[in-house]
Amino acid sequence: MRAGNGRGMPVVSYVARRTGLSALVALGVVVLTYLIARVVPGDPAGVWAGPRASAAQRARVRAELGLDRPVHEQIVSYVAGVWRGDWGVSVHTHRPVRSDLFGLLPATLQLVLAGLALGLAVGVPAGLVAARWHGRWPDALVRTGALLSASMPVFWLALLLQTVFASRLGLLPIAGGYDRTVLAAHPVTGVTGLPLLDAVLTGNRAAAASYARHLVLPALVVATYPAAVAARLVRAGVLDALGEGHIQMARSLGFPERAVLGRFALRLVWNPVLQLGALVFGYSLVNTFLVEAVFDCPGLGLYAVDSVRSLDAPAVVGVTLLVALVYLAANLAVDLAQAVLDPRIRLG
Amino acid sequence: MTASPSLPLLLRVRRAPGALRGRWTLVLTAGGLVLVAALALLAPVLAPYPPLATDLARTLRPPSSAHWFGTDELGRDVLSRVLYGARTGPVVAVTVVGVSLLVGTATGLAAGYCGGWTDEALMRLTDVFLAVPALLLALALTTVLAPGPAGLTVALVVTWWPWYARLVRGEAASVTGRAYIEACRTLGLGHRRILLRHVLPNASTPLLVQASTDVGGVLLVASGLSFLGLGPQPPAPDWGLMVEESQNYFTTHWWLGTFPGLAIMVVAALCFLLGDALRDRLDPRHTPRI
């Protein structure tokens, strides 16, 4: 988050410094999660070998998994493995963690991105409306709505929506990420990796409709928090901006109020919105874990919960590492975007 | 959020009515939270039934005069369980914030005051913790610690302290170079005294605001973890766990999950409101927007 403090620091060295720091943090995350997973009580080798394995078999599995070596050696070999693309083998699915994770990541990313897009689409106009009619009933409505959306437990909202729209009204599917029968008849070929986008891009209407119908309720739930944050930020930012000279200038030049808010004041708000963007992204990313658990959508969340329940250390470390990497990448992207857009940041 | 210094008049005019109404928000939200604390403390007196008492003759009854919030699948009174639930989730949240505050403040003061390598090392350490979203890190940690309120608290403290460290470090670093701190040093005051009496007070307002908001945030994350089965274990009356247990009955018996969920929402909303009200009242750099 910290900007370069050298005078006239060029963009390239800012980018290099920022990227280097992210790599260092990623290394730290690996060590941290590995240390956590290593102290998992219980016996991963026992889980792996099965309940009826003999002591000798368990010992062989321990040696095979490298659990008999000192912790620091294990970390070094784990980091080296991750670097080579070998993330270890999951204890509960018996498949390589990396292929498990990268198979599930697109579904989760799709849910987060849909939720964020929906949240911004609702939150930004809501914030503008609140600022436009500041102190009147639309403002009160938006503020109350934002407060309630931020304080609602995600899993509870998911259950409520599932009950009302899926069970009672029967409008949308109750659970799952897609219809197996539809996908079997209309297989989706990957272009971008995001299932819904692929289906749309390849003109596969049946599959796209199936994905979209299953995505509506989970995305709505994920969208509530970003919508609340965006509404609050935009409202506060626009109200602050209205005190600025150039806004009053625009007003006195006779621009309609719509243009003053939408064209001039809103421009000053993007920076704080972008700044919180990465944080909200991270929060929404883990919110999807709870949402996936309720709607039983296959994704990183369900995988993480299953791994935790079966004491699957390589899988837990893998999920944590992957989410941290995605989150770091989002942070980095935000910082770089800001540095490019706002010379005050890169020049310090 | 810094107001432009060239418009003092405008700010003062805007501030006056807001400040007055802000006081009411503060009184009301603080009162609401005191009420929640009272309900938690007096749960044994107020609850109409023991929270664990099953009554298999009266299972899944809808709300009535005998059971205001209805009964669950084992015939337990939902109202009593919600009241007792105020003794786990919110208590975990307050404890987590309190301990994180202590750890984070100490770390932040050390980093901001010492500067140099200490600062760099400590802040990179917080970077590592902050790179993993709280719920995920806590999820990984709760598997290590035995599931239950204690494990939940420890896991959340580990994920929450870096925020306070960052906050305090920023405030401490900004005043450490100031003349009055130099003066304290010249007068021969000990580091401890300078830190606690002259550096820390600068951070007290943002810390207070952050802490009251965070109690709500931690409550939401903690409830999420108990919803996943990593918090208090059945038959404990915990709000997140109650929502989880109601999952199979939600369509047909709405009262099982609705009331505990509402309880989480109300307490979290009160905490967020309190944080906003405190900032409006205490932070001179912030213009209240009522």
Side-chain angles (χ1 to χ4, degrees), chain A residues 2 21-22 24-29 31-33 36-37 39-41 134-135 147-148 150-157 159-160 162-163 167-168 235-237 239-240 243-245 272 282-283 285-287 289-290 293-294 304-305 307-309 311 316-317 319-321 323-325 327-328 331, chain B residues 1-4 6-7 10-11 14 123-125 127-137 139-146 216 219-221 223-224 227-230 239-240 243-244 246-247 250-252 254 257-258 260-262 264-273 276 287 289-290:
Chain A
R2 228 159 32 135
L21 267 181
S22 297
L24 206 65
V25 171
L27 190 68
V29 170
V31 175
L32 176 71
T33 44
I36 291 172
V39 265
V40 169
H134 173 220
L147 176 70
L148 293 185
S151 25
M152 207 169 315
V154 188
F155 52 92
W156 185 63
L157 178 64
L159 276 174
L160 284 182
Q162 191 184 39
T163 302
S167 303
R168 283 280 166 88
R235 175 180 177 277
L239 286 179
D240 265 338
E244 301 274 338
Y283 195 86
L285 193 63
V286 286
N287 266 349
F289 284 31
L290 293 165
V294 172
V305 173
S307 320
V308 163
R309 290 200 177 130
L311 297 181
V316 173
V317 179
V319 173
T320 314
L321 178 60
V323 170
L325 286 180
Y327 182 44
L328 276 174
N331 262 313
Chain B
M1 300 286 167
T2 349
S4 147
S6 59
L7 295 164
L10 188 70
L11 289 183
R14 202 182 269 157
M123 285 304 110
R124 293 296 80 80
L125 188 67
D127 279 344
V128 171
F129 279 89
L130 293 178
V132 188
L135 182 74
L136 182 62
L137 189 52
L139 192 75
L141 271 166
T142 37
T143 47
V144 179
L145 312 153
L219 177 66
L220 287 177
V221 175
S223 309
F227 177 79
L228 292 175
L230 299 167
W239 295 336
V243 175
E244 196 272 327
S246 79
Q247 223 172 338
F250 216 95
T251 323
T252 43
W254 58 271
T258 305
L262 266 179
I264 301 173
M265 186 166 105
V266 168
V267 175
L270 282 173
C271 296
F272 293 154
L273 272 177
D276 278 1
T287 336
R289 303 286 187 200
I290 303 294

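Remember, predicted model here, so these are calculated numbers, not experimental data. A note on names: the letters A, B, ... follow the listed sequences, proteins ahead of strands, and every chain is numbered from 1.
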Checklist outcome for this item: Counting heavy-atom pairs under 4.5 angstrom with chain A, the leader among Leu262(B), Val266(B), Leu273(B) is Leu262(B)

Item to check | With Ser22(A) via side chain to side chain donor-acceptor pair (under 3.5 Å) - residues at least two apart | outcome: Arg18(A)

Going by atom type alone, with no hydrogens or angles, which donor-acceptor pairs under 3.5 Å involve a side-chain atom of residues 150-157 of chain A and a protein atom two or more places apart or on another chain?
| from | atom 1 | to | atom 2 | distance (Å) |
| --- | --- | --- | --- | --- |
| Ser151(A) | OG | Leu147(A) | O | 2.5 |
| Trp156(A) | NE1 | Gly257(B) | O | 3.0 |

Checklist outcome for this item: Residue from Gly216(B), Gly261(B), Ala269(B) scoring the most non-hydrogen pairs under 4.5 Å with chain A is Gly261(B)

Checklist entry - Among Leu328(A), Leu290(A), Leu148(A), which residue forms the greatest number of heavy-atom pairs with chain B at distances under 4.5 Å? => result Leu290(A)

Checklist outcome for this item: Correct closest heavy-atom pair for Ile264(B) and Gly240(B) would be CD1-N, 4.2 Å

Checklist entry - By a 4.5 Å heavy-atom criterion (distance strictly below it), what part of Phe250(B) contacts chain A: side chain, backbone, both, or neither? => result both

Next on the checklist: Quick check on Leu270(B) against chain A: is it the side chain, the backbone, both or neither that has a heavy atom closer than 4.5 Å?
Outcome noted: neither

Item to check | Most contacts with chain B, counted as non-hydrogen pairs under 4.5 angstrom, among Leu32(A), Leu159(A), Leu321(A) | outcome: Leu159(A)

Item to check | Pick from Thr163(A), Val319(A), Val323(A), Val294(A) with the largest number of heavy-atom pairs that fall under 4.5 Å of chain B | outcome: Thr163(A)

Checklist outcome for this item: Closest non-hydrogen contact found for Leu228(B) with Ala293(A) is CD2-CB, 4.1 Å

Checklist outcome for this item: Minimal heavy-atom distance between Val132(B) and Leu136(B), with the atoms involved, is CG1-CD2, 4.0 Å

Checklist outcome for this item: Correct closest heavy-atom pair for Leu219(B) and Ala268(B) would be CD2-N, 4.1 Å

